[in-house]
Amino acid sequence: MLDRKFILENIELVKQNCANRGAAVDVDRFVELEQTRKAKLIEVEELNRRTNEVSKLIGKAKDQAEREERKEQGRLLRQQTQAAQAELDALAAEADDLLRLIPNLSHPEAPIGVDDKSNLELFRSPTSLPEFDFQPLDHVELAERLDLVDFEAGASVAGHGFYFLKNDAVLLELALQRYAVETLLGEGFTPLTTPDLARNDVLSGIGFIPRGPETQIYSVENSDLSLIATAEITLGGMFAGQTLEAESLPKLFCGVSHCFRTEAGAHGRAARGLFRVHQFTKIEMFAFALPEQSDAMLDRLRGIECRLFDGLEIPYRVVDTATGDLGGPAFRKFDLEAWMPGRGEFGEVTSASNCTDYQARRLNIRYRIKGEKGTKFLHTLNGTAIAVSRALIALLENHQQADGTIVIPEVLRPWLGKDRIAVKG
RNA sequence: GGAGAGGUGGCUGAGUGGUCGAAAGCGCCGGUUUGCUAAAUCGGUGACCGGGAAACUGGUCCGCAGGUUCGAAUCCUGUCCUCUCCGCCA
């Protein structure tokens with residue numbers, strides 16, 4: 001969320017930003033609520049002050065009569081205080097609900113537009129698009145021929161959108177994980193396997209809505225837990241409520257986790273095969289940074305994503321995400337879209353976001369500079385290293401050969417133990 | 001899952017109804033002393049929200065949420081977490 005004071009001082013800017021992002025939030029109503037809230041706060045504090053004053057006097061009362069008289073006075077004050085406090089709480093809750101709906105500010109260079117059609121292509125990969133002298137297959141057909149994925153079994157066990165990886169696809173998943181983690185270790189990231197569930201207040205701190213008709217999240221009945229949609233949730237939640245030393249920043253983590261998404265309302269749209277599934281494995285990068293570090297850190301995360309896909313010899317383009325497509329927390333977001341021959345178009349495979357202090361403020365993650373008074377909110381960033389299901393699509397489809405085999409890129413061979421996937425026997 | 005113990009400031013740790021935002025020690029910052037370092041010594045040293053140009057000042061915070069009371073770190077309830085023992089288990 002944004003700083004309440006900042007909103008009051010920059011009402012027009014915030015309204016314009018909401019419009020650019022397609023966020024229908026009543027900013028004026030928030031401003032009005034916030035102003036009455038402040039006035040009420042002063043009133044409550046004054047009542048508290050008087051209540052405290054009276055309470056202190058009771059201990060020093062000279063005799064029983066005076067004591068009783070003051071107690072009565074205290075009782076009356078308490079009633080008034082409680083009433084005022086209740087009004088304040090109601091105002092604060094309503095203002096807070098609105099505040100949490102206001103999206104982050106947007107980077108001045110982010111393209112302005114209501115949806116992904118306004119995304120701006122920045123550059124393309126050194127790997128050029130493949131030229132096939134045969135009719136390329138899509139990953140579903142390839143997986144079928146090579147016996148790599150069992151969609152039917154997935155559907156019968158857990159429903160549409162679930163799948164079993166099989167044979168070399170399993171080795172590929174492990175190889176991709178290992179490749180990503182090794183690369184990130186070389187970059188100074190601390191590797192973590194994270195919980196696949198998280199408390200709902202962590203979810204909403206990161207910016208997800210755990211329950212409700214629009215939710216993308218599976219929640220666990222009779223508990224405060226949900227299945228995570230990304231390790232961004234657990235990694236970001238690690239330091240909730242904590243104050244870190246400035247000199248310990250930036251902190252870099254890579255998380256290995258499963259991701260679960262209901263994909264409510266997304267059926268039929270590019271839903272074939274592994275593209276839009278309810279569960280996948282992902283290696284995620286997460287950074288806790290000082291404000292002055294976050295711009296460069298976003299470039300760094302994007303650079304790592306590019307290098308990972310360069311190593312996989314997969315063609316892609318990098319886009320600067322338009323304001324309307326940023327979601328709530330991101331200040332700026334770069335996506336890598338890999339070429340997917342089966343669809344004949346680019347499909348999102350990774351995403352790197354600078355969320356500035358938006359998540360940190362919700363999760364209350366601060367930093368302290370040695371020798372300076374007070375604390376400030378740090379910046380959080382996240383980026384996909386490898387989302388296995390989508391990386392598999394790009395890998396299979398781009399590296400397919402005329403003879404029906406898949407050539408494995410050099411970087412995965414040490415982990416896979418072979419240079420080619422072929423039909424068995 | 002069962003039985004206990006406990007969660008207090010950056011850390012250790014006192015505090016069982018008022019003068020407690022909280023002893024003491026450590027750490028940290030500053031002064032004095034001092035060839036240098038160390039030691040000694042004196043003083044300062046929590047966070048958040050608000051008011052004020054500032055000095056300063058009001059409120060809130062002793063895991064979290066409620067309750068009792070004029071008044072709660074302290075009493076009550078719930079909850080989360082940690083530790084120990086037992087059971088179960090990959």
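Residue numbering restarts at 1 for every chain, and letters A, B, ... go by the order of the sequence lines.
- In this model, a side-chain donor or acceptor of A/E45 finds a partner on the base of B/G58 within 3.5 Å.
- Here the separation of B/U79 from B/C29, taken at their P atoms, is 45 Å to the nearest Å.
- Within the structure, every pair that satisfies the salt bridge (Lys or Arg N to Asp or Glu O under 4.0 Å) test and touches residues 183-198 of chain A, not counting sequence neighbours, is listed here: A/E187-A/R300, A/E187-A/R307.
- For A/F162, the ring-ring contact (aromatic ring centres under 6.0 Å, His included) test picks out A/H278, with sequence neighbours left out.
- Between the side chain of A/R261 and the main chain of A/A229, a donor-acceptor pair closer than 3.5 Å is present.
- B/U74 is unpaired under the criterion used here, namely a Watson-Crick or G-U wobble arrangement in which both key atom distances are under 3.5 Å.
- For B/U74 and B/C20, the C1' atoms lie 11 Å apart once the distance is rounded to whole Å.
- Comparing B/C81 with B/U33, their C1' atoms sit 49 Å apart, to the nearest whole Å.
- When rounded to the nearest whole Å, the span between CG of A/L99 and C1' of B/C49 equals 15 Å.
- Summarising the geometry, the separation between CD on A/Q82 and P on B/G66 is reported as 12 Å, rounded to the nearest angstrom.
- Atom pair A/N364:CG and B/C49:P shows a separation of 9 Å (rounding to whole Å applied).
- Contacts classified as side-chain hydrogen bond (donor to acceptor under 3.5 Å, both in side chains) and involving residues 146-156 of chain A (residues at least two apart or in different chains) are given here: A/D147-A/K166, A/D147-A/N167.
- To the nearest whole angstrom, the two P atoms, one in B/G7 and one in B/A73, are 15 Å apart.
- B/U8 sits 9 Å from B/G15 when the C1' atoms are compared, rounded to a whole Å.
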Using a cut-off of under 3.5 Å, enumerate the N/O to N/O pairs linking the protein to nucleotides 45-48 of chain B.
from: B/A47; atom 1: OP1; to: A/G374; atom 2: N; distance (Å): 3.3
from: B/A47; atom 1: OP2; to: A/K373; atom 2: NZ; distance (Å): 3.4
from: B/C48; atom 1: OP1; to: A/T375; atom 2: N; distance (Å): 2.9
from: B/C48; atom 1: OP1; to: A/T375; atom 2: OG1; distance (Å): 2.6

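- With sequence neighbours left out, A/R362 forms a salt bridge (Lys or Arg N to Asp or Glu O under 4.0 Å) with no residue at all.
- Between the CD atom of A/E245 and the C1' atom of B/C28 there is a distance of 11 Å, given to the nearest Å.
- Annotation: salt bridge (Lys or Arg N to Asp or Glu O under 4.0 Å) contacts of A/D310 (sequence neighbours excluded): none.
- Evaluation of the side-chain contact (heavy atoms from CB on, under 4.5 Å) rule for A/A92 yields A/R37 as partners, not counting sequence neighbours.
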Polar atom pairs between nucleotides 77-81 of chain B and protein, under 3.5 Å, N or O only, would you list them?
from: B/C80; atom 1: O3'; to: A/R199; atom 2: NH2; distance (Å): 3.2
from: B/C81; atom 1: OP1; to: A/R199; atom 2: NH2; distance (Å): 2.9

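- For the ring pair (Phe, Tyr, Trp, His ring centres under 6.0 Å) condition, the pairs that include at least one residue of residues 75-116 of chain A, sequence neighbours left out, are A/H107-A/F331.
- Under a 4.0 Å N-O distance rule, the pair A/E141/A/R145 does not qualify as a salt bridge.
- Atom CG in A/L88 sits roughly 16 Å away from atom P in B/G59 (whole-Å rounding).
- In terms of the salt bridge (Lys or Arg N to Asp or Glu O under 4.0 Å) criterion, A/R302 has no residue partners (sequence neighbours excluded).
- Contacts of A/R420 classified as salt bridge (Lys or Arg N to Asp or Glu O under 4.0 Å), with partners at least two apart in sequence or in another chain: A/D403.
- Distance A/D89 CG to B/U60 P: 14 Å, rounded to the nearest Å.
- Salt bridge absent: A/R332 and A/D295 never bring a charged side-chain N and a carboxylate O closer than 4.0 Å.
- B/C89: no Watson-Crick or G-U partner with both key distances under 3.5 Å is found in any strand.
- Of all nucleotides present, only B/G46 satisfies the Watson-Crick or G-U wobble test against B/C61, with each distance under 3.5 Å.
- Partner assigned to B/U84 is B/A3, using Watson-Crick or G-U wobble distances below 3.5 angstrom.
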Protein-nucleotides 69-72 of chain B N/O pairs under 3.5 Å:
from: B/C70; atom 1: OP1; to: A/R75; atom 2: NE; distance (Å): 2.7
from: B/C70; atom 1: OP1; to: A/R75; atom 2: NH2; distance (Å): 2.7
from: B/C70; atom 1: O4'; to: A/K71; atom 2: O; distance (Å): 3.3
from: B/C70; atom 1: O2'; to: A/S55; atom 2: OG; distance (Å): 3.4
from: B/G71; atom 1: O4'; to: A/S55; atom 2: OG; distance (Å): 3.3

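- A gap of 23 Å separates the P atoms of B/C70 and B/A65, to the nearest Å.
- When the P atom of B/G51 is taken as reference, atom NZ of A/K38 falls 6 Å away, rounded to whole Å.
- The nearest whole Å value for the distance from the CG atom in A/N52 to the C1' atom in B/G59 is 8 Å.
- Between the C1' atoms of B/A47 and B/G43, the separation comes to 23 Å (whole Å).
- Within the shown strands, B/A40 is the pairing partner of B/U32 under the Watson-Crick or G-U definition, both distances less than 3.5 Å.
- Rounded to the nearest Å, the gap between the C1' atom of B/C62 and that of B/G6 is 14 Å.
- Summarising the base pairing, B/A24 is matched to B/U12 through a Watson-Crick or G-U wobble pair whose two defining distances lie under 3.5 Å.
- Using a cutoff of 4.0 Å between basic side-chain nitrogens and carboxylate oxygens, A/E72 and A/R75 are scored as salt-bridged.
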